[in-house]
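One structure is given here, and the rest of the page talks about it.
Please read all numbers here as calculations on a predicted model, not as lab measurements.
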Number of protein chains: 2
Amino acid sequence: MSPPTEFPRVLSELVRTNQAFLNYAAIHAYTLELTLPQLDIILTLGHAFGMTFKRLGEKTLITKGTLTGIINRMEHKGLVQRIASKTDGRSQIVRLTTAGQTLFEQAVPEHLDYVNQLFKEYSLEDIATLESTLLRLRKAIFAAHGDGSEKPVDEIAGWCTQVKAVCKNYQEGDVVGPC
Amino acid sequence: MSPPTEFPRVLSELVRTNQAFLNYAAIHAYTLELTLPQLDIILTLGHAFGMTFKRLGEKTLITKGTLTGIINRMEHKGLVQRIASKTDGRSQIVRLTTAGQTLFEQAVPEHLDYVNQLFKEYSLEDIATLESTLLRLRKAIFAAHGDGSEKPVDEIAGWCTQVKAVCKNYQEGDVVGPC
DNA sequence: CCTATTTAGTTCTAATAAGAACCAAATATA
DNA sequence: TATATTTGGTTCTTATTAGAACTAAATAGG
């Protein structure tokens with residue numbers, strides 16, 4: 001089979017659709033005077049009585065360097081608080097404040113209604129098809145990485161660094177370790 | 001029908017799959033000592049003998065404020081150059097330098113092969129299904145915006161601002177213009 | 001022809017993104 | 001028990017993101 005001659009349109013479509021959705025979701029977040037990552041965090045914390053940074057990063061796919069900054073800004077807005085872990089001196093628990101909880105209770109029905117109306121013309125089968133095709137692609141991506149398992153964010157990030165190093169070294173002709 | 005009680009898993013899947021793909025693509029960009037947006041610009045410019053910022057922004061979905069900064073950095077790397085437009089005093093043409101063109105010729109086959117191998121287990125029908133389900137969602141998002149047409153980036157951005165203003169005003173009980 | 005409006009690209013601001021380096025705490029190993 | 005390694009969160013750096021405000025140029029309208 002001859003080498004491919006153009007960028008797969010389906011991947012362009014993936015990126016465009018994702019961007020369109022994020023812009024759409026950001027509009028509603030904006031009415032709550034939140035950014036999208038901040039809203040995502042509120043929706044994640046609202047279902048828990050506090051969460052470690054590690055866990056919160058895993059659930060929201062925000063890397064830890066970035067997460068520290070976002071939590072700082074949300075703490076400054078009075079939406080969350082940090083509580084030292086009783087069981088791990090390194091850890092802190094992030095919890096919604098009373099104001100954060102109030103915002104969560106307001107935001108949830110609004111946001112769910114807002115995003116679910118995208119699917120008002122969809123059947124359950126339509127939704128299942130879209131979801132399974134996306135999952136299949138995500139699995140293909142992980143398979144192409146050479147590791148079929150899905151990893152927590154920082155492991156993925158750490159692993160990306162390793163793969164990048166291997167790619168770069170391989171390009172330069174160096175001996176590489178086991179892949 | 002009762003109000004939805006959870007965030008649609010399919011949208012979480014969209015965001016995760018997109019992020020997985022961007023991480024995957026970034027790995028290859030990294031071997032070329034480029035960021036993903038920079039690689040995207042090189043792949044876009046490589047097929048043209050120069051392009052205005054406006055056109056480049058439309059094709060890459062990068063807003064113009066951001067694009068100026070990226071082109072500055074690429075110019076500093078010696079990959080692109082700016083040429084004043086002969087027909088519009090406001091415009092500049094962005095064109096790959098010789099080094100940029102060389103990198104383009106190296107990058108294209110590598111990158112196309114790299115991303116196309118995600119689909120080695122896919123049939124043409126599989127790809128078409130994924131693409132059409134994504135396109136349908138994207139159209140649903142635009143429909144939910146209240147405007148079924150797809151717009152160039154800045155128009156979309158400008159339009160988002162208008163919608164945000166209307167949403168915000170509506171929340172506050174003000175009289176709003178026609179929607 | 002003159003005035004008003006729109007547009008192309010730049011500058012600026014705030015937020016986010018990714019990831020390396022760091023330090024202290026936890027865990028693993030000998 | 002002591003040493004080595006890993007981990008949680010922070011700080012720092014670089015890049016990107018979005019969008020408002022700006023200036024000069026182009027276009028529209030009277």
Quiz item: On a plain distance test, is the side chain of A:T66 in donor-acceptor contact with the base of C:dA18 below 3.5 Å?
Solution: yes

Quiz item: So, are A:E13 and A:R9 salt-bridged, with charged N and O less than 4.0 Å apart?
Solution: no

For [N], take OP1 and OP2 only and decide whether either is under 4.0 Å from a side-chain N or O of [X].
X	N	value
A:T63	C:dG19	no
A:S85	D:dG8	no
B:T35	D:dT16	yes
A:Q19	D:dT17	no
B:K54	C:dA8	yes

Take atom [atom1] of [X] and atom [atom2] of [N], then tell me their distance rounded to the nearest Å.
X	N	atom1	atom2	answer
B:N23	C:dA18	CG	P	6 Å
B:L67	D:dA15	CG	P	16 Å
B:L61	D:dG19	CG	C1'	16 Å
A:E58	D:dT7	CD	C1'	12 Å
A:N72	C:dT16	CG	C1'	13 Å
B:K64	C:dT7	NZ	P	9 Å
B:Y24	C:dA18	OH	P	18 Å
A:L22	D:dA18	CG	P	9 Å

Self-check item: Distance-only side-chain donor-acceptor flag, B:N18 / A:R138, under 3.5 Å
Solution: no

Self-check item: Nearest-nucleotide 5' precedence on DNA chain C, A:R73 against A:G65
Solution: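 So the residue in question is A:R73.
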
Quiz item: Between A:P37 and A:T87, which is nearer to the 5' end of DNA chain C once each is assigned its nearest nucleotide?
Solution: A:P37

Of the nucleotides [options], which has the atom closest to the [X] side chain?
X	options	result
B:Q92	D:dT16, C:dT10, D:dG9	C:dT10
A:T68	D:dT16, D:dT11, C:dA15	D:dT11
A:R90	C:dA8, D:dT6, C:dT10	D:dT6
A:I70	D:dG9, C:dT16, D:dA26	C:dT16
A:I62	C:dA8, D:dT10, C:dA17	C:dA17

Quiz item: Base, sugar-phosphate alone, or nothing: which one does A:T52 contact when heavy atoms must sit under 4.0 Å apart?
Solution: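 The residue A:T52 makes sugar-phosphate contact but no base contact.
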
Quiz item: Would you call A:I62 and A:L56 a side-chain contact if the rule is heavy atoms closer than 4.5 Å?
Solution: no

Practice problem: Find out whether A:K77 and A:L34 are in side-chain contact, i.e. whether some heavy atom of one side chain is under 4.5 Å from a heavy atom of the other. | Solution: yes

Self-check item: Derivation and outcome, side chain to side chain contact (heavy atoms under 4.5 Å, CB included), residues B:S12 and B:F7
Solution: CA-CA 8 Å; B:S12 303; B:F7 194 85; 3.5 Å; yes

Exercise. From the options B:T129, B:T17, B:D126, select the one residue that forms a side chain to side chain donor-acceptor pair (under 3.5 Å) with A:R136.
Key: B:D126

Self-check item: Which residue lies more 5' along DNA chain D, comparing B:D88 with A:R82 via nearest heavy atoms
Solution: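 Its nucleotide being nearer the 5' end, the pick is A:R82.
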
